[in-house]
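Inspection log for the structure reproduced underneath, given as structure tokens.
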Amino acid sequence: MQSGFRAGHGCTSATLKVLNDIVTAIDKKQYCAAVFIDLAKAFDSVNHHILIGRLSSLGFSNDCVAWFTNYFSDRVQCVKSEGLLSGPLAVSMGVPQGSILGPTLFSVYINDVALAAGESLIHLYADDTILYTSSPSLDTVLTTLQTSFNAIQLSFRGLQLLLNTSKTKCMLFNRSLPAPARPSSITSLDGSNNYKYLGVWLDCKLSFQTHINHLQSKVKSRIGFLFRNKASFTHAAKHTLVKLTILPILDFGDVIYKIASNTLLNKPHIQPTTATCMLSLAGLHFIIVAKHIGSRSSTRPC
């Protein structure tokens, strides 16, 4: 399934779909493992001849295929720095980034990769791909995932797309089942207990502790700035700055990480010297932040 560049789809909906599958497997007392696939310069590596062939196979008319062939022909790029312009360099690969057609063409180019997933599930968001499977048997999970991953690699190679091996990781999700006696990883890949997927940090226990720790760090740094400069802003300006610089951090993916425990969700205001206190001292209403992190405790000035 491809969620990138589609109306009504986004990072949050894509992550929710994947997490729903993983949590469902965990609730059934099954092991679930995933490979997070990162491609190196995916948009710049699109082969024009392969893409034109894909368009033709999808039933595009000869005139339309000819138009796209012309669209990719004789493209050049150059660099301008300090008023100086470099000589033109021919562009023989890639789809124009920032264009209207670029994302759609890339989706056409990459979508058939999903056919190679075999018995595993696969979800694509542009060039971000997750491959995952589940079973009561850990050996079955690893064997199935290894087979699917091998097939996916071959499919990417056929498209002349290369994996970024340093960022492609595997993870075993497990909350209550016995821990494996041997490392649970896929050949040629490093295992990981945390991975940032579409902007949300996932951990092998799905506790979201890593994600919430990152949120806390970001929020505290921004509130610290407001606190240090509180005399420079009016009350209205402080509210505006909170809405523009703090709430978006908490809003992004909040329906995902709000399934974390209350202990973690309440973490940002445990210590009197943390963000809660700084909000009060800066003359801001803590309730603005509290309602976004699921807090039900009362607020008192520090």
Side-chain angles (χ1 to χ4, degrees), residues 3 10-27 30-38 121 123 125-134 138 141 145 164-180 183-186 189-224 245-271 273-276 278 289-295 297:
S3 290
C11 293
T12 299
S13 61
T15 305
L16 281 174
K17 168 62 173 67
V18 171
L19 284 181
N20 182 68
D21 292 338
I22 295 173
V23 171
T24 299
I26 291 175
D27 288 344
Q30 296 181 348
Y31 290 99
C32 183
V35 173
F36 299 90
I37 300 173
D38 187 87
L121 298 174
H123 201 108
Y125 190 93
D127 58 334
D128 287 306
T129 304
I130 181 172
L131 187 68
Y132 57 106
T133 189
S134 60
L138 179 59
V141 166
L145 195 58
N164 185 339
T165 54
S166 64
K167 293 184 178 180
T168 299
K169 305 288 185 181
C170 63
M171 185 186 298
L172 174 66
F173 295 95
N174 178 25
R175 280 178 172 169
S176 58
L177 293 175
S184 305
S185 61
I186 304 301
L189 292 182
D190 294 329
S192 177
N193 290 326
N194 297 279
Y195 192 89
K196 190 176 184 181
Y197 177 65
L198 301 182
V200 177
W201 281 94
L202 302 181
D203 59 88
C204 59
K205 298 290 186 182
L206 292 182
S207 69
F208 295 97
Q209 181 170 352
T210 302
H211 184 72
I212 290 173
N213 287 343
H214 278 81
L215 291 184
Q216 181 189 28
S217 177
K218 287 183 178 180
V219 169
K220 285 177 67 175
S221 66
R222 284 159 175 75
I223 296 175
T245 66
I246 296 176
L247 295 191
I249 297 173
L250 300 171
D251 281 337
F252 181 80
D254 58 353
V255 295
I256 299 170
Y257 70 82
K258 276 189 176 180
I259 68 172
S261 67
N262 285 335
T263 301
L264 283 175
L265 290 175
N266 292 336
K267 186 176 180 180
H269 56 89
I270 291 176
Q271 300 293 334
T273 57
T274 58
T276 306
M278 286 187 281
V289 175
K291 70 178 182 180
H292 283 268
I293 60 177
S295 169
S297 59

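Numbering starts at 1 and runs along the sequence shown.
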Can Asn194 and Thr210 be counted as having a side-chain donor-acceptor contact under 3.5 angstrom? yes
Non-hydrogen atoms of Ala14 and His123 that approach each other most closely: CB-NE2, 3.7 Å
When Leu215, Val200, Leu247 are each screened for side-chain contact (heavy atoms from CB on, under 4.5 Å) with Phe252, the one that passes is Val200
Closest approach of Ser134 and Gln30, non-hydrogen atoms and distance? OG-OE1, 3.3 Å
Closest approach of Asp254 and Leu250, non-hydrogen atoms and distance? CB-O, 3.3 Å
Quick check: do His211 and Ile256 have side-chain heavy atoms less than 4.5 Å from each other? no
Does Ile130 reach the side chain of Leu198, with side-chain heavy atoms less than 4.5 Å apart? no
Where do Phe208 and Trp201 come nearest, in terms of heavy atoms and distance? CD2-O, 3.9 Å
Determine whether Asn193 and Asp203 satisfy the following criterion, side-chain contact (heavy atoms from CB on, under 4.5 Å), listing intermediate values before the conclusion. CA-CA 5 Å; Asn193 290 326; Asp203 59 88; 6.0 Å; no
Could you check whether any side-chain N or O of Asn213 sits under 3.5 Å from a backbone N or O of Gln209, counting only pairs where one atom can act as donor and the other as acceptor? yes
Heavy atoms only: give me the nearest Ile212-Tyr257 pair and the separation to one decimal. CG1-CD1, 4.4 Å
Any donor and acceptor pair, going by atom type alone, linking the side chain of Tyr195 with main-chain N or O of Lys167 inside 3.5 Å? yes
Looking only at heavy atoms, what is the nearest atom pair of Lys218 and Ser221, with distance? O-OG, 2.7 Å
Enclosure of Lys205 NZ (heavy-atom neighbours >12, cutoff 6.0 Å): yes
